[in-house]
Novice: 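The structure under discussion is supplied below as structure tokens; questions concerning it will follow.
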Amino acid sequence: MRKRILSIVGAAALTLGVTACSSSSDTGSTESIRATGGFWGVHGAQGASEADPPMSLTAIAERADLVVLGTVSGAEEGKDYTEEGKPPNRTSNLSIGVEQSSDTGVSEAVVEITRDTATSLTDIQANLPKGRYVFYLSTWYDGPDGPVYRCASPAKCVVGVEEGDLETPRDPEAAEELQVPAEADQEKAAKNDSLTVEQVYDLSAEAVPASGSAS
Amino acid sequence: MNRFVRAFAIFAAVLGISLTTAQSASANSFGPVFADNGAHSFFLDDDLSSGQKSGMNWARSSSLNPTDMTTSLNKSYNKQVDVWAYGTWKPTGDQTRWYAWAKCVKLVSGSKTKCDQFTIVFNHKLPHSNYKALACHETGHTVGLGHESGKNSSFTSAARSCLRASPDHNYYSNHDKSHINGRY
């Protein structure tokens, strides 16, 4: 009986070990499927090597010219960067309906983000995300209707909160390495609360440099 | 026989626990988009710099070739090539912050997970100090490997990977290779 139990335990442990990687990769794969499909999927930032990626909310904010809390209210065709003889290199200009802004008087912001080649604008416009996010924006160019921003960090420029945890829908794996400032954790612990998107915004807005000094 | 069974059970238990522990420390996602088969052909466009071309040749022959995937180099472009590597002087706002990026530009007809053709694009406006590591990283995405967290300096040699977000290592980790060899 004891030998049989040992054999079963051993076999179970071995099976668990062999499948642990595939289980974690299945979990990661499921999350990636969820992420690479849909709106954020076609505007994803996975598969790219970002120079000097910021490792905290504060670090992203310090690179931004503008941090806003809001929702995606619309999408239009952005600039076409396609080069002759190469695959399409298109962008979407997202309109953000702003609830709070690090600059006073900003009620809407437009940010250019790179879009997968095969996706039409019509598909995107029919599937706008519904969540509230913090957007970290840098100046890019002056459009006919006002400034068009780019992401301060493509992988981490859109930050949401899902069940108390940070999420970075443009690159879901990036959220794992994003540090929340210690003050947020202390505040959470004191209130026995989960992290909120409002807290993320408040902490970030404080770190945005004064106008003209962000890179 | 009884002693053998007992020894095997203990060995399996220890091995299983070790594998579980080791892989949770360095696991990365695999997929959801993969190469369409185990033969991966490359075309390196003329607009790549010599460093970028050299890095891509390294990634193909020294990083990926030692796995169960077979690789080949096409002298000219055709629609059947699996990986088309080229450079750009015209990055989008996002791309200005990327050294390079890999994208599936053509899925296999009827499939949502198998890619017929990837591109690896190098940003000429943002040179990198180690094109072997960068090319290894982007090539890894073309076979389905996701990013690994942490810094290579905190891992032993076998666990270091060019798939860490700031690539500074020229090879795939044993974990990466087990993903590749398990699928292709």
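Order of the sequence lines sets the chain letters (A, B, ...), proteins ahead of strands, with each chain counted from 1. Below, all heavy atoms of this structure are taken into account, side chains as well, without hydrogens, waters or symmetry copies. Here the structure is a predicted model, which means the values were calculated and not measured.
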Novice: Taking all heavy atoms of B/Trp101 and all of A/Ala48, pick out the closest pair and write down the distance.
Specialist: CB-CB, 3.8 Å
Novice: Write down the atom of B/His137, the atom of A/Ser49, and the distance for their closest heavy-atom approach.
Specialist: CD2-OG, 3.2 Å
Novice: For a quick test of reading the model, state the closest non-hydrogen atom pair linking B/Thr96 to A/Arg150 and the distance between them.
Specialist: OG1-NH1, 2.7 Å
Novice: If every non-hydrogen atom of B/Thr92 is compared with every non-hydrogen atom of A/Asn89, which pair is closest and at what distance?
Specialist: CG2-OD1, 3.7 Å
Novice: Considering all heavy atoms of both residues, which atom of B/Pro91 and which atom of A/Trp140 are nearest to each other, and what is their separation?
Specialist: O-CZ2, 4.3 Å
Novice: Compare all side-chain heavy atoms of B/His147 with those of A/Asp171 and state whether any distance is below 4.5 angstrom.
Specialist: yes
Novice: Could you tell me which non-hydrogen atom of A/Tyr81 sits nearest to which non-hydrogen atom of B/Gly93, and how far apart they are?
Specialist: OH-N, 4.3 Å
Novice: Taking atom NZ of B/Lys114 as the centre, does the number of heavy atoms from other residues, nucleotides or ligands within less than 6.0 Å exceed 12?
Specialist: no
Novice: Flag the one option from A/Lys86, A/Lys79, A/Arg90 with the top tally of heavy-atom pairs under 4.5 Å to chain B.
Specialist: A/Lys86
Novice: Between atom CG of B/Leu163 and atom CD of A/Glu173, what is the distance when rounded to the nearest 0.5 Å?
Specialist: 9.5 Å
Novice: Would a distance-only check, ignoring hydrogens and angles, find a side-chain to backbone donor-acceptor pair under 3.5 Å from B/Arg97 to A/Ala155?
Specialist: no
Novice: Report which part of B/Ala102 has an atom under 4.5 Å of a heavy atom belonging to chain A: side chain, backbone, both, or neither.
Specialist: both
Novice: Between A/Glu50 and chain B, with a heavy-atom cut-off of 4.5 Å, which part of the residue counts as in contact: side chain, backbone, both or neither?
Specialist: both
Novice: Given that the side chain runs from C-beta out, which part of B/Thr119 has a heavy atom under 4.5 Å from chain A: side chain, backbone, both or neither?
Specialist: side chain
Novice: By a 4.5 Å heavy-atom criterion (distance strictly below it), what part of A/Ala174 contacts chain B: side chain, backbone, both, or neither?
Specialist: neither
Novice: Measure A/Thr114 against the heavy atoms of chain B and call it side chain, backbone, both or neither at under 4.5 Å.
Specialist: both
Novice: Considering only heavy atoms, which portion of B/Asp45 lies under 4.5 Å from any heavy atom of chain A: side chain, backbone, both, or neither?
Specialist: side chain
Novice: Examine whether an atom of A/Arg115 lies under 4.5 Å from a heavy atom of chain B, and if so say whether it belongs to the side chain, the backbone or both; otherwise answer neither.
Specialist: neither
Novice: Measuring heavy-atom distances to chain A, does B/Lys103 have an atom under 4.5 Å in its side chain, in its backbone, in both, or in neither?
Specialist: side chain
Novice: At a heavy-atom distance under 4.5 Å, which candidate from B/Leu107, B/Thr88, B/Ile120 has the highest pair count against chain A?
Specialist: B/Thr88
